[in-house]
2 protein chains.
Amino acid sequence: MGVTIKDVAKAANVAPSTVSRVLADSSRISADTKKRVRRAMKELGYHPNVNARSLANRSTQAFGIVMKSSADKALQNPFFPEVLRGISSIAHQLDYSLYISTGETEDEVLESVQRMVYGNRVDGILLLYSMVNDRVMNFLFERKFPFIVIGKPCEHMDSITHVDNDNVTASKEITNRLIDLGHERIAFIGGDEDLVVTVDRKRGYQLALQESGMLLLEEYSVHTEFLKSGGREAVHELFNLPDPPTGLVIVDDLMSIGVVTMLEELGKQVPRDVSIVSFNNIHMSEIARPSLTTVDIHIYELGRQAAKCLIEKMQDESVPTKRIIVPYNIKDRQSTQAREETLL
Amino acid sequence: MGVTIKDVAKAANVAPSTVSRVLADSSRISADTKKRVRRAMKELGYHPNVNARSLANRSTQAFGIVMKSSADKALQNPFFPEVLRGISSIAHQLDYSLYISTGETEDEVLESVQRMVYGNRVDGILLLYSMVNDRVMNFLFERKFPFIVIGKPCEHMDSITHVDNDNVTASKEITNRLIDLGHERIAFIGGDEDLVVTVDRKRGYQLALQESGMLLLEEYSVHTEFLKSGGREAVHELFNLPDPPTGLVIVDDLMSIGVVTMLEELGKQVPRDVSIVSFNNIHMSEIARPSLTTVDIHIYELGRQAAKCLIEKMQDESVPTKRIIVPYNIKDRQSTQAREETLL
DNA sequence: ATGAAAGCGCTAACAA
DNA sequence: TTGTTAGCGCTTTCAT
């Protein structure tokens with residue numbers, strides 16, 4: 001079907017190996033021959049066959065992208081497309097291709113990753129999440145397959161290159177926004193407790209409270225995948241406490257938007273009755289009402305950095321383990337207001 | 001590095017071709033041999049090399065997924081992850097892998113697609129959008145490369161298999177919701193006019209108005225990629241008209257949420273002052289305030305159907321062109337109310 | 001600076 | 001039912 005290297009060789013009156021060298025832009029081919037060969041390639045409409053090349057090379061120019069199993073609706077979160085944009089900006093520039101994991105359940109995702117690895121489909125893998133005891137990560141780690149984590153690996157942190165934000169500090173800082181505004185009853189709403197990002201953000205929240213001499217109330221920490229049915233009840237419970245919170249630290253903008261709605265059902269307004277801060281600065285958080293005070297974690301940049309690290313690692317296994325912390329910054333918007341005002 | 005078919009052959013005391021046949025589960029291998037070979041594969045930890053297989057086979061078990069250039073923020077739209085879920089549910093089940101296009105600009109996306117095609121990386125391609133004069137589509141069409149469109153191709157409709165909703169009818173029906181509620185000044189807010197989906201939905205809107213004997217006002221049709229800066233102005237203009245609309249048909253839930261916010265800036269409430277209907281039924285539309293009356297187009301199903309068609313086509317080029325219409329249904333929620341109430 | 005030839009791991013005639 | 005052999009298209013020594 002296709003034009004092969006041989007056809008080009010014939011047309012340019014050289015050996016196939018020469019054509020191959022021209023392809024690689026080898027320095028030991030005369031400029032003249034290169035020109036001739038290149039012209040032949042153009043004329044015949046030649047395009048190298050990636051599979052053949054991978055086979056001879058044992059290197060695909062591709063890497064795999066693994067997201068959490070799509071069963072949980074986390075995927076609905078714009079985090080994913082945005083990080084993908086970052087990744088592909090680098091991938092495209094360096095002529096790498098992207099493979100993407102499939103699978104609804106954890107098992108299926110693992111299978112899918114194994115196919116990538118064993119089948120030699122990719123030279124490296126990007127993990128778009130980090131959770132405790134993750135089988136995909138363990139698998140990759142044990143096989144010593146090149147991979148990078150976006151987020152903080154909970155094990156072998158020093159031997160797994162990863163790209164992350166300083167979530168603890170960010171969370172502390174944004175919690176302090178609430179404290180500075182005079183809030184004294186501040187609750188935390190997180191998602192899946194197995195996700196390291198949840199753990200870190202909760203930690204920052206706790207640190208902030210402690211440093212201000214505030215108590216950590218057990219019942220002020222709620223974990224719920226709010227997109228599922230349980231979320232609504234959890235929020236209702238929280239606000240049925242004798243001393244309901246006036247400030248909320250929520251791990252994700254999307255969750256915040258949901259919570260705002262739930263609060264309204266309870267007759268509470270944001271920020272009048274409750275102030276909310278959250279994370280990610282998804283586009284929506286600017287558009288929502290009220291617009292959300294949130295931590296911009298620079299998702300796009302997380303993707304770019306991770307892709308860079310991975311490519312580096314794929315090209316040279318011996319590159320040392322890295323830990324890249326992408327800076328965050330806080331967007332002050334309208335979901336927060338001083339507690340004093342509330343009391344007036 | 002890896003265990004090859006030869007190693008397995010040696011271990012099982014058969015010829016490599018036998019192993020290959022076992023891999024394909026050929027019917028002309030004795031159950032006994034199969035068992036022996038399979039055991040050897042297990043013991044040695046054998047996994048086939050996909051590249052070698054593709055090369056010998058001229059068939060990768062993969063297909064490419066092309067989205068609009070990520071430059072426009074359309075990607076932030078949950079449509080993408082959701083359709084991807086649908087696609088991968090089928091892909092995984094049938095052991096197909098997914099390749100994903102990269103590129104910020106239209107040029108880059110085309111390049112990326114050409115790499116997929118020419119490089120033999122994929123056996124078929126799924127186009128996740130449809131726009132007029134799309135170079136990617138033209139390229140695929142001219143090369144007679146197997147591909148499926150999600151949406152309605154604007155050219156060669158009868159020779160390109162596609163999966164779509166009946167957007168015209170859906171739009172007509174949802175516009176009628178507004179008309180039935182007594183609204184008489186109904187405007188349309190669409191996105192990129194090059195997208196066929198925008199065109200269809202606008203058409204349905206127009207039909208509904210006409211059939212009710214209402215006038216089509218030029219100034220009642222706004223096209224704006226609201227995520228960009230111009231959106232706000234466009235909406236403001238619309239409501240600064242001498243006779244501002246009381247009903248809005250908006251092509252996308254995400255846009256609706258933005259518009260709700262903008263209206264609020266103008267001192268208008270939804271649905272009290274303005275009723276809104278839109279499309280897609282993204283998860284957010286249930287959570288937003290007000291929750292959105294919208295057309296559920298079954299994004300997940302669009303993905304599944306498209307993936308099925310593509311695989312069918314990849315396996316048998318001669319399968320006839322198809323046109324699959326995924327049914328929609330309308331979710332009545334709180335962004336609409338009767339015009340009469342407004343007048344009280 | 002270029003060519004010849006072996007081989008990457010697998011499949012698919014063709015034989016047996 | 002199984003083995004032999006010749007590629008798939010490219011890269012890469014090793015010669016020249």
Side-chain angles (χ1 to χ4, degrees), chain A residues 1-38 40-41 44-62 95 115-123, chain B residues 1-38 40-41 44-62 95 97 115-123 315:
Chain A
M1 351 174 280
V3 182
T4 79
I5 215 173
K6 281 187 188 170
D7 302 323
V8 178
K10 214 161 285 173
N13 245 304
V14 294
S17 49
T18 303
V19 178
S20 173
R21 287 182 187 114
V22 172
L23 233 38
D25 202 16
S26 160
S27 57
R28 7 178 261 176
I29 295 288
S30 74
D32 194 57
T33 321
K34 277 189 187 174
K35 205 167 296 172
R36 229 175 50 251
V37 171
R38 293 220 171 91
M41 298 198 302
L44 299 181
Y46 168 77
H47 291 271
N49 179 320
V50 202
N51 295 305
R53 187 181 274 204
S54 307
L55 188 56
N57 251 350
R58 52 278 315 287
S59 112
T60 68
Q61 281 254 315
D95 260 38
R115 282 216 301 261
M116 287 185 188
V117 172
Y118 290 134
N120 285 288
R121 280 191 187 271
V122 301
D123 297 337
Chain B
M1 358 174 273
V3 182
T4 80
I5 215 174
K6 281 187 187 169
D7 302 323
V8 177
K10 213 161 285 173
N13 246 302
V14 294
S17 51
T18 302
V19 179
S20 174
R21 287 182 189 116
V22 173
L23 232 39
D25 201 18
S26 161
S27 58
R28 6 178 262 178
I29 295 288
S30 74
D32 194 56
T33 320
K34 276 189 187 172
K35 206 168 296 170
R36 229 173 50 248
V37 171
R38 294 222 171 92
M41 298 198 302
L44 299 181
Y46 168 78
H47 291 270
N49 180 321
V50 205
N51 296 304
R53 186 182 275 204
S54 309
L55 188 57
N57 250 350
R58 53 270 321 286
S59 113
T60 66
Q61 280 257 313
D95 259 39
S97 300
R115 282 216 302 261
M116 286 185 190
V117 172
Y118 289 134
N120 284 289
R121 282 190 186 271
V122 300
D123 297 336
Q315 288 171 348

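- Between Arg38(A) and Val22(A), the closest heavy-atom pair is NH2-O, 3.8 Å.
- If you measure from atom CZ of Arg53(A) to atom C1' of dC10(D), you get 8 Å, rounded to the nearest angstrom.
- A 4.5 Å side-chain heavy-atom check between Asp95(A) and Gln61(A) finds at least one atom pair inside the cut-off.
- Put simply, CG on Asp7(A) is 10 Å from C1' on dG9(D), counting in whole angstrom units.
- No donor-acceptor distance shorter than 3.5 angstrom exists from the side chain of Asn49(B) to the backbone of Leu55(A), with no hydrogens or angles considered.
- For the pair Ser54(B) and dC10(C), the criterion of a side-chain N or O lying under 4.0 Å from OP1 or OP2 is not met.
- In this structure, the side chains of Lys6(A) and Val19(A) stay at 4.5 Å or more apart for every pair of heavy atoms.
- Val19(B) comes within 4.0 angstrom of nothing in the nucleic acid, heavy atoms only.
- In this structure the side chain of Tyr46(B) never reaches within 4.5 angstrom of the side chain of Val37(B), judged on heavy atoms.
- Across all strands, Arg28(B) comes closer than 4.0 Å to base atoms (heavy-atom distances).
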Detail all sub-3.5 Å separations between protein N/O atoms and N/O atoms belonging to nucleotides 4-7 of chain C.
| unit_1 | atom_1 | unit_2 | atom_2 | d |
| --- | --- | --- | --- | --- |
| dA4(C) | N6 | Ser17(A) | OG | 3.3 |

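- Between Asn57(B) atom CG and dC8(D) atom P the separation is 14 Å, expressed in whole Å.
- Between Tyr46(B) atom OH and dG9(C) atom P the separation is 10 Å, expressed in whole Å.
- Considering only heavy atoms from C-beta on, Val3(A) stays 4.5 Å or farther from Met41(A) through its side chain.
- Residues Asp7(B) and Thr4(B) form a side-chain contact, since some pair of their non-hydrogen atoms from C-beta on lies under 4.5 Å apart.
- The shortest distance between side-chain heavy atoms of Thr33(B) and Arg21(B) does not fall below 4.5 Å.
- The nearest whole Å value for the distance from the CD1 atom in Ile5(A) to the C1' atom in dG9(D) is 7 Å.
- Taking atom CG of residue Asn49(A) and atom P of nucleotide dT11(D), one finds them 10 Å apart after rounding to whole Å.
- Nearest-nucleotide positions on DNA chain D for Val14(B) and His47(A) put Val14(B) closer to the 5' end.
- With 3.5 Å as the limit, one finds no donor-acceptor pair spanning the side chains of Ser97(B) and Arg115(A).
- Thr4(B) comes within contact range of the sugar-phosphate backbone alone, with a heavy-atom separation under 4.0 Å but no base atom that close.
- One can place CG of Asn13(A) at 16 Å from C1' of dA1(C), the figure rounded to the nearest angstrom.
- Within the 4.0 angstrom heavy-atom criterion, only backbone atoms of the sugar-phosphate kind lie near Thr33(A); the bases stay farther away.
- Residue Ala52(B) is the one, among Ala52(B) and Leu23(A), whose nearest nucleotide of DNA chain D lies closer to the 5' end (criterion: closest heavy atom).
- A donor-acceptor distance shorter than 3.5 angstrom exists from the side chain of Asn51(B) to the backbone of Asn120(A), with no hydrogens or angles considered.
- Axis orientation changes by 30° from one end of the helix from dA1(C)-dT16(D) to dA16(C)-dT1(D) to the other, with each end axis drawn from 5 pairs and the value rounded to 10°.
- dC10(C) atom P lies 17 Å from atom CG of Asp25(B), rounded to whole Å.
- In this model, the phosphate group of dT11(C) is not approached by any side-chain N or O of Arg58(B) to a distance below 4.0 Å at OP1 or OP2.
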